[in-house]
Amino acid sequence: MFFTKWNDSLSQTDKDKLKKFTDTQSATLNTPCANFIQTTVQNFSTGLQNEQALTVDEVTQLEKELDPIYVWRSAHLQAHLKDLPYPLSRKAIDFIQQRFRMEEGEEFPQFPYLLTATVSLMVRQWAICSIQAYITVFKGNDPTMNTLIVQTLRQPTDNQWWSLVRSLTQWMMGKTKKSKGNKNILDKHPISHFVLEMHNSIKRKINLSPLEKSHEISTYAKKPLSKLTTVEQSIKHLLDFRNALIHALKIDDDDVDKASIVLESVLEATLSLNRFHLATKIGLDEYLLQGLFPKLVESPNWTSNIEDKELVLLMDEQTYLCTISPLMSLAQDIDSLDVEQEIFFINAGSLNLLKYVGFVNGEHKDGKSLGAYDQFKKYIASIPVPQGATDRPLIDFSDFVTDKTKNFVGRTDVLDEIHECVSTRGGHYCFLQALAGMGKSAIMARLLQLHPYRTDDNKKTDGDIWLYHYCMQNDGRDQAITALRSLITQMQFAKDGNEGKRPSMKVDDLKEEFQGLLNTSQKTLENRGGSKIVVVIDALDEASFMGDDSIPSCIPEYIADHVVFICSYRVDANCTNTRVQNHLQHLPKEKVYTFENAKPLRGLDKNNVYTFINLLSDGEEIQESTLEHIWKAASQDLTDAADPFYLRFIADGVEKNQYFLKHPETIPTSLNGAFEKMWLSLPSDRNFLAHRLLVTLGIMRDLGDDELFAELFNRQFPGESFTVEDIAAIRRPIGKLLSYDGDRYGLFHDRFKYFLVGEQPDPIEQALQTKQP
Amino acid sequence: MSVLDTPSTYTNCPPQLTDKIRELDYERTHSGIETTPDETSEVIESLFEHLGRLWMAELWHAIETKTLTIQDCDTILLAIIDNLSQPSRPLTTGRWVSFSRQINTIFKEHQLSSFVEGLDTIDWGRDNELIERIMEFRNRFAHGSFEAPVDLINAGYNDVNALIQQVPGLWKQQWHVLTTVGWRTITENGLQDSVYTSESNGVDLVIEKKGAFMSLTPFFTHSNDGATIHLPMWKPITVTEGLQQEQITVWHQKYRKEYAGLINRSDIIKTRSCSNIPEAVWQDIVSPLLKPNHQTTLLVGHPGTGVSDILPSVLRHSQQDTSETQWMFWDVKPFDLTQSAGCFVRALAETLQSGVFTDKDGNKTKRYKDLKELSKQINSLGTLLSNSNLVIVIDGLQYAHLSYRFEPHTMIDVCNWLTELNASLILIHHPAENKTPIFFTSQVNWPIHNIIDQRDLDNAYKWLQVEETPLYQNVLNTLHDKPNSSLFEICDALDADDPTAPVFEPEIEYALWHLRPLLSTNTEVVQIEGQNQLSTPESIRTWSTFSNEVTQ
């Protein structure tokens, strides 16, 4: 607000002076310019305070906004954003303009998403140029870098793009240093200018003024803002902001403001990259992709090098550096390039799945319809990757375990029985059965906390060997191959203290290897001073039952006496889960044992509930009436036992200030009541689209994403037009009801699913039943 | 004729707008069209500001000529005064458009024409493509002189031209200014003698239409010699004196006083028609609450059943009360000052004679910038409250969920803080689902279910927008015909009424909860047949109108 007024207040001479200062793309504020700003700001501020009645708040605001570094940054950005490569330039300009207009009092509810889109675009554009620099110069001759690139391209997140930028730049710069004194391969190529500038930009110091002074902490990042000193750290910070926002964590205006200042500083510190632009040729027309719009250029000297509709990287508007197709691509059926045309960025790049996303209008396209598939096939063949190099068999469950064991109480009877079984039931398969939401995964997660398979500093543990797998639909964790490979790798780690060679990708080999490893490890156990190998597998019911080999059916049929399996699965009120139990038929009956305290698992007792509430209250005294109220509500549907899911739900509500332990009248009297309240508080825009989305997820077996729903609703409502961005806008406010796997999502719990759509027949189970004789 | 291309026409526009158009014209001719996105944006900004200010002058004029009353437009009046009296925060172009849109709507509703020729012909609706395109152009090119393709700049230019052409009053109607040597007419060739001679206190700038005149004060001002026209912002301290319109000035003074906490609506509450509360109900329900108990009682009753008679009845009782009990009565009305949390807290401070809202110089502080500040101020009342015999009775809590104007907090927030401070509170509320939880110590349900106060029921109908929403009417009629229906039964009945428009259950569920003040609910246990052929008992909610008279 005050910046614009200050700018307007400058005389023509001062405006010319400022222009001279800002004409340079150097990111540093030199002393003459700092003095100039200080003087003009001082004059402006005095004038304003003399002539008008500014409130105390406004004076503070004025001082904050007219901090010389901040003023310099704003003026400098205004002068140079138009030189950024398109389409980053367009997003960055939109971002800066909305910032100004917000300071003038306008409201932009979507501003935080614009901010993250700008960051997203920035890291993609940089990553793609860095990949192409590497391929152009080094011809894809380093297997480690190739693996990194192929892994990232498969389903890239912003974090992965960013990590790739850093790795590639560091690697290429390393190559330069190694051949010091000797003109190396990179130096010979003009693209070395880009690599060097990218490297310098990443390491460049930033100035977060006026934030820096206050050492403030944001709610979305662990590090205080004052600790951010370089572009590298700042981008990471912005990506944390993005994740918090997309996953609907609590972010307030103050956080958005801080993230905006960080992004402004990053934009300014990287202005030196402005000399690198994109360009293309369509038919006879040549375009420079710079500033707000693609510009037609007359007879440039770089066009002879490029194919029709190929996107290329240029330096100083004239020197051809490299191609950036097909990682960025134009639709191949266009005959001109204007402000409406999308520039597509690769969004999932493998031979099975090639998808692109545009940032101008948020359009999504698959590679085949875009006309980039054949080119991509050729391209990916030029980055050879060693076999099996792109996978990571060991699954890290630490976040899952931390989440599931938050405020863990009670269950000593079950845990005691599990430990007893480990001691006395060697060679057995022990099962924990539970109804939905009764806390089986919390118990299984608790086991990992009590018996980790590796120490905090990533060393192997002593004693018994505990191996874990938690079945879920994320990241293929419902697949037997994934589970077996992770378990085998854990076993290898327990044996040797490292993950060892990567296990096979064939399920038959894996089954054999796993069984062999388990049954022949007495020596390893002895060396560790242990007596048992305990294999913990949670939620067998979440396993995929497609194909012949499911996780339950891959549990070895014969295990030695030093091996115990502890598995859990969901049952109905009759302790039945036909599908899981059918897949466990191969286990010898005499070796199968169901925990006495978990067939099915009971609810928590009154003491557990009281302990839980006291944990939640953080030491504050809770009235007996509140405890009674919660106990009554939690035990409504169970006989003299509390529903752990209800308690978890209350805990979430208390953390989010929806429920107040001091005021029992604010706490829902039942889980359904709480669900109903949530359901009724959802936004009803666009003909109850949020409700429709949730109900559809309720009846879907798999996860969904914005693209899928856009297509679905466009079919359901022919008169309407839904873009992926429309769906995202509807989805964001209901984020707390969803669980995410990357950009895909499902309902946060089956209990909510039941509330929405009741018990749904499982189409796969139905199909399997029909197949059975 | 194109206004922007014709200097002899555009130089008759108001001087500041003329300057911007002249600059644009010059740059297009001398520097090339491709360099002019920022000059085009500046014309847009100036044009929208002029149109906005002219609309405000129209509003003042309509009140002056009594074609509109203050009550017809008090919300927008407050918004104008608030926005123009922040000199350090100039209005954005978007706000000028928004003001034009709102005032235009009021004029349309009252079938009034604008004094400025063509002003009322602009469609300010949100779907108007012309305005949207112009705004989009301006937003893209403001705050930086970015280059753009010529065809895009020309498209923007033509749009601005089309808009300006729609308001011939801008260049055809003459402006007259009062200078030290009397009234003068502003022309492209400087000031000329004027036909206008009237003297009206404070008015020194007018626009003419066929011998009639409309004051442009206080939205446009001029230099002493009349040669320069200013587009002023107002100083907050002297704003009331500067409004230049007696009715508005008087009304605004009263508003400021009340907002500062010097508000007493007891007389209005007393005049509310009030049926007698049955003696038994008074004794059982109301009477036990009439002593300070440092607790919060939530009294819940359906509209029209006499529940809103409690407030005037207790007020009358208080006037004969000889005990040491101190009383405060508050009747929350929609879109009224009584919805303001800030106003309530100030009034409470006045009642307690706390002095917490007085600054070090003894002046009353005016605004609450944020929730933290307000909660701090309320907490500072804590000791006074717990030592006092004050009983606070608040009616109309169903209107208290919305924050008043731009306040960051609601009356519900304040009630919750007061509960935490152990104040003696009686809260009167219709049955409704609340997004913000209400803290209370005990809840009492109003025992009367027949309608004894038709006016109160009518108000609820209006607030719930029953008359203008066919779906709400259909739901009420369905429940009238078939009480104790479950959600799915209601959906089936509505589907049967109109098979061509299938209902979406959540929409009906929303409608039912919206109409909750008019409905009662029950729980029935039914057997649900599961997949395994076993039937399990399940509770379902059924709905009815709380009284048969509701739909009459």
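The structure displayed is predicted, hence computed values, not measured ones. Each chain gets a letter, A, B and so on, in the order the sequences are listed, and its residues count up from 1.
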Count the heavy atoms belonging to other residues, nucleotides or ligands that lie under 6.0 Å from [atom1] of [X], then report whether that count exceeds 12.
{"X": "A/Lys19", "atom1": "NZ", "result": "no"}
{"X": "A/Gln716", "atom1": "CD", "result": "yes"}
{"X": "A/Asp16", "atom1": "CG", "result": "yes"}
{"X": "B/Tyr26", "atom1": "OH", "result": "no"}

If one checks every heavy atom of B/Leu152 against chain A at 4.5 Å, the contacting part turns out to be side chain

If one checks every heavy atom of B/Phe504 against chain A at 4.5 Å, the contacting part turns out to be side chain

Are the side chains of [Y] and [X] in contact, using a 4.5 Å heavy-atom criterion?
{"X": "B/Glu507", "Y": "A/His691", "answer": "no"}
{"X": "A/His663", "Y": "B/Thr419", "answer": "yes"}
{"X": "A/Leu682", "Y": "B/Tyr510", "answer": "yes"}
{"X": "B/Asn416", "Y": "A/Phe660", "answer": "no"}

To the nearest 0.5 Å, atom CZ of B/Arg541 lies from atom CG of A/Asn672 at 9.5 Å

In this structure, CG of B/Asn139 is separated from CZ of A/Phe100 (nearest 0.5 Å) by 14.0 Å

Is chain B contacted by the side chain of [X], its backbone, both, or neither, given a heavy-atom distance below 4.5 Å?
{"X": "A/Arg692", "result": "both"}
{"X": "A/Asp94", "result": "side chain"}
{"X": "A/Gln658", "result": "backbone"}

Comparing B/Glu509, B/Arg95, B/Gln443 against chain A, the one with the most heavy-atom pairs below 4.5 Å turns out to be B/Glu509

All heavy atoms of A/Glu676 vs all of B/Trp513, minimum pair found to be OE1-CZ2, 3.9 Å

